[in-house]
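Scroll down for the structure; my scribbles are underneath it.
Letters A, B, ... are given to chains in the order of the sequence lines, protein chains preceding strands, and every chain is numbered from 1.
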There are 2 protein chains.
Amino acid sequence: MARTGTEELRRRNRAALLEQLHRHGPQTRAELTEALGLNRSTIGALATDLAESGHLQETTGRSTGSAGRPSTLVECVPKAATVAAVEIRARSVRFALVGLGGEVLERTESGLDEDADPMDAVAVITGGTAAEAIEAVAAVPGLVDAGVVAHSTELGWAGRDASADLEAATGREWRVVDTATAAAVGEWSRGDAHESTKLLYLHGGRGLTAGLVIEGRAQRGGSIQLGHIVVKPGGLECACGLLGCLEAEMEAFAYTEDIEHATAAAGLGDAAARDRLRRAGQDLGRALGAVVTATGPDEILFGGWLRELYLSAAAPVRSALAETTLPHLRSKLRLRTPVLGEEGPLIGAAEAGFAAVIDRMR
Amino acid sequence: MARTGTEELRRRNRAALLEQLHRHGPQTRAELTEALGLNRSTIGALATDLAESGHLQETTGRSTGSAGRPSTLVECVPKAATVAAVEIRARSVRFALVGLGGEVLERTESGLDEDADPMDAVAVITGGTAAEAIEAVAAVPGLVDAGVVAHSTELGWAGRDASADLEAATGREWRVVDTATAAAVGEWSRGDAHESTKLLYLHGGRGLTAGLVIEGRAQRGGSIQLGHIVVKPGGLECACGLLGCLEAEMEAFAYTEDIEHATAAAGLGDAAARDRLRRAGQDLGRALGAVVTATGPDEILFGGWLRELYLSAAAPVRSALAETTLPHLRSKLRLRTPVLGEEGPLIGAAEAGFAAVIDRMR
DNA sequence: CGTCATATGTTGCAGTCAACAACAAATCTC
DNA sequence: GAGATTTGTTGTTGACTGCAACATATGACG
């Protein structure tokens, strides 16, 4: 149970102030007073508090054009708290060091040999910076449960304790999240999906997963294994052992290039390519229908190579969705593509780290 | 934004104390001190505070058998805050008046003529007690969104503003929830599903809906329209306009009696009846597979007439589920039947009311 | 049956916090 | 340049929780 006393109140307010600045960027003390509903004097005390601890920086106010004394601007000091984020993929490992406030301070990508262990690549790519960071978060494409990757089509893992293995390889603790949920968090917090109250992010890598963010919070229990929704009972055998999984039925498409080739061919009048795209869109739409009925999102983002598929086959996706969901669920559903692109998972993973940091302050 | 100051701390602690007693029943001040992590003197102040406002009752301590001064027992005063809960069904309306602490003070059921408006029946059955209650909550089988019933197979409503209509009929405000989610809340809070972190309750009435409770909190966005998961694209036409919905494919079974008859017939060697049960179980299992993949529950309860179906056709349900979900998702999934029976929706609806009452105290 | 150990309620005190009001500072308007 | 306006600063006040000392109620033990 949480510690109590009046100090708790102070901690809560300090954390709330820092969170406000981290999420909404630099603000004046006057704006903070409004946003947090606290008194001017209290905001002043909190701000100097956090400035002394090095988390914030106060710059003397510039005139806003309107009357009155200009308010001092308060902003996060990025290097005051950094989070190391990595995204593990089948053939590469990506790394970003993100500072408080959301600024990306470093960024690297490293290819991966077929037989190399990604954990070693993480150790190399993060180098010394992982130790400096206050939190380290790894995004893994698949079903993650308490640091353990229960299932990952892309990496071929089942039951691998990624948290422990990363710690062994790098010498520090890691938080493990799934790529789709991370990307959903990223698009919600730093993309343009902030209005969504139930955001479903579809991640197309070697496997298909989805992440759900409800009112800005990652859905407990991790990602949705979109690729293992059964769209055709008794259909093609999937690597997971089930029959008729979406992933198995759509196997013809597994990478962005496949879609690009097919789109180009379809544009040149290749009827077979057009048909492949149409059927893939239809399969996706059907699986999506079940997920939409079960979760009721108000926004869906097509990420990874699903972005290309959606852009090439929006019509079949939409019509299959229309055939498998109730009108009311469709009526407030927006289908879009993400704005952070390949950065989404890294940014979202970092946000998961910052959320932990701020929670710990309370 | 919430009011601030040290008074907020007091309000939070007061609410926490009341919630603790409401949820866990009578406790001694010593136990409360342990549970809330507050000081003895603080607990004392809070308790006398709430005793003076009439919410609590303190009875002088009885000896526990161990040494030391006996601790005073603290318990909720049921009549201090009552919630009126109704469940609206196609052919009946049920009512319960629930007191603080969860005690059911009154209970009534009333049949409903085919052409009668349930709202009028609610006005009659609640009578004067609805006005006395601090909150009134109506459980409706279907997709509820901000007081509006977007879709209800059972009641044949689409877009009906139940909240407004109930207020017009009874003269007081009503909170509207969906029956399945209410039942899920009920089974979690007052049934024996309290250990579940993700509880999926399946409600079989005239339509099929499901409710999800995550860590004791109702899933935002209301119920899952289980009956409108498409299990057979291009299949039988459903009343909702889609093709191949679970509800349409299972239409042969729509009431408890249907199942009971079929089970009896199957027990007497009726192969056709056995086959009907098997196929119904299979269809249900398939739809459930998609929902499980999309939401990842750790416990599923079969409520309403689905209870009978599950008891009669557990094997096909389980095998269809096994064919449509990943092993990891199945491995920690328990399938059971509810313990509150027909009371679940009413009790859960009342809990939604109490949650609002306690939230308002903070 | 009385004393001691144990656990708990009660009371007064100290530390902390946020709100408030009065004042000082910085800018705009006329 | 004077007044209006907005904001930062400072000292005061009311409220809350934790703490320690004391009072109270029980069991254990001789």
Check your understanding: For B:R14 and D:dC16, what is the distance between atoms CZ and C1' respectively, to the nearest whole Å?
Key -> 11 Å
Exercise for review: Identify the two heavy atoms, one from B:A30 and one from B:S71, that lie closest to each other, and give their separation to 0.1 Å.
Suggested key: N-OG, 3.1 Å
Check your understanding: Salt bridge or not for A:R190 and A:E343, using N-O below 4.0 Å?
Key -> no
Point to revise | Value in whole Å for how far the P atom of C:dT8 lies from CG of B:L73 | key: 13 Å
Practice item. Take the protein atom CD of A:Q27 and the nucleotide atom P of D:dG8, then report the distance between them rounded to whole Å. Key: 13 Å
Practice item. Check each residue of residues 15-25 of chain A for a non-hydrogen atom within less than 4.0 Å of any atom in DNA chain D, then write out the ones that pass by number, or none. Key: none
Revision key, fill the gap. When rounded to whole Å, the CD to P distance for the pair A:E7 and C:dC17 reads 6 Å
Check your understanding: Got a donor-acceptor pair under 3.5 Å from the side chain of B:S41 to the base of D:dC19?
Key -> yes
Exercise for review: Grab the CD1-C1' distance between A:I43 and D:dT9 for me, whole Å please.
Suggested key: 15 Å
Check your understanding: Side chain of A:T6: nearest nucleotide among D:dG8, C:dG15, D:dG18?
Key -> C:dG15
Review point. Which one of B:K198, B:R336, B:K332 satisfies the side chain to side chain donor-acceptor pair (under 3.5 Å) criterion with B:E299?
Key: B:R336
Point to revise | Protein-nucleotide distance (B:D49, atom CG; D:dA15, atom P), rounded to Å | key: 13 Å
Review point. Looking for any heavy atom pair under 4.0 Å, which part of the strands does A:T72 touch: base, sugar-phosphate only, or nothing?
Key: sugar-phosphate
Study note, to complete from the structure: Note: for A:A30 and B:L9 on DNA chain D, the residue whose nearest nucleotide lies more 5' is A:A30
Check your understanding: Under 3.5 Å, is there a donor-acceptor pair linking the side chains of A:E187 and A:H194?
Key -> no
Exercise for review: Just do the salt bridge (charged side-chain N to carboxylate O under 4.0 Å, His left out) check on A:E8 and A:R362 with the steps written out, would you?
Suggested key: CA-CA 7 Å; A:E8 185 188 348; A:R362 295 189 214 269; over 6 Å; no
Review point. Distance check: side-chain N/O of A:R29 vs OP1/OP2 of D:dT9, anything under 4.0 Å?
Key: yes
Exercise for review: Can you tell me the distance, in whole Å, between the CG atom of B:N39 and the C1' atom of C:dT8?
Suggested key: 12 Å
Exercise for review: Select from A:A45 and A:G68 the residue whose nearest nucleotide in DNA chain C is closer to the 5' end of that strand.
Suggested key: A:A45
**Study point:** Given DNA chain C, 5'-ward residue of the pair A:L46 and A:S66, judged by closest heavy atom
**Key:** A:L46
Exercise for review: Report yes or no: do B:D161 and B:S163 form a side-chain donor-acceptor pair below 3.5 Å?
Suggested key: no
Check your understanding: To the nearest angstrom, how far is A:E31 atom CD from D:dT7 atom P?
Key -> 9 Å
**Study point:** N or O in side chain of B:S71 less than 4.0 angstrom from C:dG9 OP1/OP2
**Key:** yes
Exercise for review: Kindly point out which of D:dA21, C:dC17, D:dT7 is positioned nearest to the side chain of A:R40?
Suggested key: D:dT7
Point to revise | Salt-bridge present (B:E167, B:R172; N to O < 4.0 Å) | key: no
Study note, to complete from the structure: By salt bridge (Lys or Arg N to Asp or Glu O under 4.0 Å), A:R10 pairs with (sequence neighbours left out) none
Point to revise | Any B:N13 side-chain nitrogen or oxygen under 4.0 Å from OP1 or OP2 of D:dT17 | key: yes
**Study point:** Shortest side-chain distance from B:R69, nucleotide among C:dT6, D:dG8, C:dG9
**Key:** C:dG9
Practice item. Mind checking B:T33 for me? I need base, sugar-phosphate or nothing, with any heavy atom below 4.0 Å counting as a touch. Key: nothing
Check your understanding: How is B:R10 classified with respect to the nucleic acid when contacts are heavy atoms under 4.0 Å: base, sugar-phosphate, or nothing?
Key -> sugar-phosphate
Check your understanding: Picking from D:dT7, D:dT17, C:dG9, which would you name as closest to the side chain of B:T42?
Key -> D:dT17
